[in-house]
Structure formats: C-alpha cells, structure tokens
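Reading through the structure tokens given below for one structure.
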Amino acid sequence: MERLSAAEKHQMKAKPAQRVFGAPWLAVAAALLAVFSLHAVWPFGGPGLDRIMSRWLNSAVCDVPGVFVLARAIRVDRERAAWLLLGGGLLLWGLGNTYLLLVETSDPPPVPSPADGLWLAFYALSYVGFLLLMRSRIAEFRRSLWLDGVIGGTAVAAVVTAIVFGAVVGSVGGSRLSVATNLAYPLADMLLLALVVGALAAAGWRPGRSWAWIACGFAFFAVSDSIYLVQSAHGSYVTGRILDAGWPLAMLLIALAAAQPSPARIKTRYDGWLVLVVPAVFAVLSVGVLVYDHFHRVTPLALALAGATIFAVIARMALTFGENLAMIASSRHDAATDALTGLANRRTLLAELTLRLEAADERKPWCLLLFDLNGFKTYNDSFGHLAGDALLVRLGKKLAATAAGLGTAYRMGGDEFCALVAVDEHDSGAVTATLASALSEQGEGFEITASCGAVQLPAEAADPVEALRLADQRMYAHKRHVKGRSEERVAAGELARAVATHGHELSGGHEMAVLAAAVGRRLGLDGDDVRRLERAAAVHDVGKLAIPSSILEKPGPLDQAEWEFVWRHTVGGEKILSATPALEPVAEVVRSTHENYDGTGYPDHLARQEIPLAARIVFVCDAFEAMTSDRPHQPARSVEEALEELRRCSGTQFDPAVVEAFCAVVAERRHLRLVS
C-alpha cells in the first residue's frame, strides 16, 4: 500500500469540514423531499398522512438547509460573511414556514404575521449575501457583462411584474400594511430573479457547478413563490401539492452549493454568438410584454421595466459597436507593429516605402537605413534570450527617440532594425552614424554595435523591393568589413597585451595608441586610417619579443652583434603580424617604424614620403615615450626636454610636419591635464 505524501495529507486535512459534517443531513433532507413530492403527485395514506406531509415533513425539510449552510460558514473561513447571510436567510424562511404550519391556527392567517417578517427578512439577507458571493467569485466585472445583466434582469422583472404583480394587485385588500406586505412578495421575487440573471451574465453565462447550484436555487425559489402568488390571487392554490416542494428544493440546491469546495474566481470569457443572442432573447421578452399590453393591460411598472430593457439593449449595441471598433483598431495596430519593441514592422515599412516612392521628389530625398546588430548572438548565448529581448527593447526605444523628427524607426525581425528618414544628401552620413550609435550598447563582457546599409530614395531605387535589396546588400558588405575590423582589433589587443607584459624596453600600449591617433587626426587621417594607426602604435614593438631580455635590459652600450638583434626587430614584427590576415595592413606600418626621415634608418633605408605616414607618426610617439620613461641605460627626461630633442632631430630623424603636430597635441593634452 502506497504511503500518502505530506502534500496529500495536508490537502486531506484542508478539505472543507462541511463535506463530512453536512452530507448525511442533506441526503436525509433530499430523501424526505422525494417522499413529500411523491405523495403530492400521488396522494396515499389518508388525511392523517396528508397533515404530516404538509406540516411536519415540509417544515423539517425547510429547516435543514439553513442549519447546514450556517454550519458551513462557521467551520470554513473562506466566504464566511456571504454564507452566514445566506444561511441566516434560509433559516429565517424555514422558521417562518414552521411558524405558519405549526403555530398559526387562524385560516386564513393574518397579514402581516410574524411569518411574513421572517420571510421578508430572508430576501434582504439573501440579496446582500448573494452580492458578497458575486464579489468574491467573479474576477473581472466587464462593462458589457454588467449591461447584459441589466438587460436580463429588467427583462425578467418586466415579465414577472406583468404576470405576477398585476394578479396580486387585483386581489389584495385590507389595511395599508396588509396591502404593502402582499405587494412586497412579487417585488422581492422580481428583484431576486433579476439578481440571479445579472449574476449569470456577469459570470459570462459560464458560471461553473457551484455558482450554477446557487443560481438555480434562487431561481427555483422566485419561480415557486411567483406561481404561489398567482394561484393565491386566483384562488387555485391547494396546500400539499407539488408546488410546495419548490421552496425546500430551492433551499436544498443552495445548501448543495455550500457543500462544494470554494472554487477559484471566475474569469469571464464572453464571445461568439452569446454576444448577439443573449441581448436579443431578452429584447424579445420585453417586446412581448409591450405587445401583450395592447391586448391585456399590464401594470405601469411592467411597461417601465420593458422600456428600460429596450434602452439597455440599444446601449448594449452601442457598446458592442465601440468594442468592435476598438478590436479592429487593435488588430490593425498589431498587424503594423512589432510585438516585442512596439516599433513599426516590415509590413508598415513596405507600405510607407510605396507611398514615399509614389510621391518621389528629387528635391526632397529620403534615406532608407537597414541595420543589423553585431555581437547580438554572443550576447544571447551569454546572458539568455530574456536578456536579449530586453536589449532589443532598449535599443528599439533609443532608435525611435533618435529618429524622431526625421522619420520612423522599424524592426524587421530578429536583430534587424530599419529607419526611413528625410535627410539632405550632404547630411546622410552624419544621420546614419547617429542612428547607428543609437543601436549600440557596451557593458561588462559584451559590446553591441550595428552594421548599416543606406539607400537614397528615389535616386537609387524605384520600388520598395529594390530599395530593401540594395540596403540589405550594403548592410552585409558593411558587416563583413566590421567583422574584419573586429578580428583585427582582437588580434591587435592580444599582441598589445603580450608587449605590455614583456618589459619596459617594449614600448606601446593604449596610451601611445591614443596619442598616435590624435596626431594622425591632426594631420588629416580619419576612419580606417586612424584605426590602423592605433593598432600599429599598440604593437609596433612586437618584434622585440624575439630579442633576449639580456640585450633589452642591458645597462651599458650595445655591441655590434647586439645591435643586429635590435635592427631586425621591425622585420620580425612584420612577420608576426603578417601571420594574422586581419593585421596585414598593420604589418607594413610596423616594418617602417624605425626609418629615419633622411634615409639613414632601418631596415629599408626609406626616406621622406617613401615612409608610410602612420610609420612616421609611430616613430615620433615611440621616441617621446622612450625618452620620458625610465630605462636601464638612461633615466627619464622631462616632457620639455623630450619635445626639445624631437625638434632638434626634426628633418633628419623625424618628419618635421609630424613633430610639429605631435608638439601641438602634447601642448593641448597638457592643457587638459592629460599629459603630466
């Protein structure tokens, strides 16, 4: 035999106590009600048994449900207030019935009597308890469902009022209190039925088993009482017949609902034909009351309720129309919008491109920019897809904010974005760079950039497909170029770290690369030329890795053999760098970083413009770095001394233009406190 888990034992302990306490009592009450109903249909046993059935048995069955529901409320915390009110109402009705059958002797009984007070109190408690139960069990109260509840409630109330209220009004008499008491019952039943219909509507007409038992119980009660009132008005009511089973049956149904475990809150789902059928059915009922009034006059209250139903149906139609318009607008928005980022999607872009090209004007050009993220797959693999989605959302917002005022940002899918902007031909490069920078992000362990393909419209494309094809082609060409630069940057970084950790005699690194780049920009270099210069400055001494430390760190002068080692380090550096395809452009620069301007340098004795400009810049930066650093064979010089030495050797060892630019950069950086 399997042992129960701790969770299963806890679940068994947590079962509602009323399932054990009340089930036998409900079964007994149901059996007694079945006997009573059988006797009501096929009388047996003679007058003595009739009296027992109509008085004692009926009274007993009416009292049990109220006691049971109260016991449930006391033993179970959830929905306690609602069930206390409902149980109290049922018990009051049962006590009123017991009082009338067993205590009141006059025939007919006086109106009002203590039984009337107990019965009418049942309605008040039931209304409040029923509303509390609705609030507890219905998760969402939608306007359309509430309006359907109003329609159903007023329509049912109109029918009940037309049938029952009119009959009761025509038969009542006596004192004002007696008339008020008699008229209170049809009004109370009408309100009870309206409340039940409204609750079913609020639950989306899918109430669940427990809620259905409650609704059926109150509906049976109101219908039974209404039939009783009509029969009493016409003098046809007979005690002990099948109608008398209606009240205890209704109470047993409510008690059966209380015996069920408290369900989860109802999440209404209301769609399909119910949206049309439900209001239409109740509208037909109301129209039927209005038509019936032409042949047999009904009470003004019934007419007012029927009219209110028609107006509510019209309001429901207006609400449904508004909801449909909202759904259409929402579906159009969803069809035109990327679900993740909220940007316009590919479909919207194609439509916008078509409009722009149809209204093409060479004087007012547009630029189509297609972006693809670099490094996004690595980011996804490292941090997970949820983080990747969050990154796409952030970048999409940045792109939209940057493009605002110029045009529209789009997400094409995956890690591809797009922008369609109005831009002058001369400003397209700056706009492209700005938008691309919006799609970049850098952090611990990652770097995201964007490759871009730009197409001028209408100059370079006449239709949307051609524009996207051309932008895609250019974007992937840029991506390949960026990938090559990335590989170059990674390889150069590895070599730069090797140079930086080898010893003081190997100059280079980040600071020298920054200084060289500043000099290069001052001399007119930009873009790839500056990046190549930075790489060369960082790794130009990589060839010295092959020189023994005893030579590099020798405190005295070098002999001829040792100088031979040193002179070959630029050629060695070229060979090391050429082994990496991404660094081949840098290798040529490194080879010439010790060529003197007058042709007396090494290894190729190049002079003046024969020496690559990047090599001439690195040579000056290297000499400055060597002079201002402590070395085994010489102490560091001051910045002024180093600059004076550069000027002294200008025209022989160094390019005069480079020296002049270098001195200007150093002066500027010293002003900004970047150089000590």
Residues in salt bridge (Lys or Arg N to Asp or Glu O under 4.0 Å) contact with K397, at least two apart in sequence or another chain: none
Set of residues satisfying ring-ring contact (aromatic ring centres under 6.0 Å, His included) with respect to F619, sequence neighbours excluded: H594, F654
Under the side-chain contact (heavy atoms from CB on, under 4.5 Å) test, residues paired with A400 that sit two or more places apart: L343, A409
With sequence neighbours excluded, residues passing side-chain hydrogen bond (donor to acceptor under 3.5 Å, both in side chains) with R346: none
Test item: side-chain donor near acceptor, S451 and D372, under 3.5 Å: no
Ionic contact status for R532 with D529, cut-off 4.0 Å: yes
Contacts of type side-chain hydrogen bond (donor to acceptor under 3.5 Å, both in side chains), residue T402, not counting sequence neighbours: none
Check against side-chain contact (heavy atoms from CB on, under 4.5 Å), C452 and M475: CA-CA 5 Å; C452 178; M475 182 267 292; 5.6 Å; no
side-chain contact (heavy atoms from CB on, under 4.5 Å) against S382, all qualifying residues, sequence neighbours excluded: T378
Partner set under side-chain hydrogen bond (donor to acceptor under 3.5 Å, both in side chains) for E460, not counting sequence neighbours: R474
E644: partners by side-chain contact (heavy atoms from CB on, under 4.5 Å), with sequence neighbours left out: R647
With A614 via side-chain contact (heavy atoms from CB on, under 4.5 Å) - residues at least two apart: L533, V589
ring-ring contact (aromatic ring centres under 6.0 Å, His included) contacts touching residues 446-467 (sequence neighbours left out): Y379-F446, F383-F446
Any donor-acceptor N or O pair under 3.5 Å, side chains S331, D334: no
Counterpart residues, side-chain hydrogen bond (donor to acceptor under 3.5 Å, both in side chains), relative to E441 (two or more places apart): R394
Partner residues of R521 under the salt bridge (Lys or Arg N to Asp or Glu O under 4.0 Å) criterion, sequence neighbours left out: none
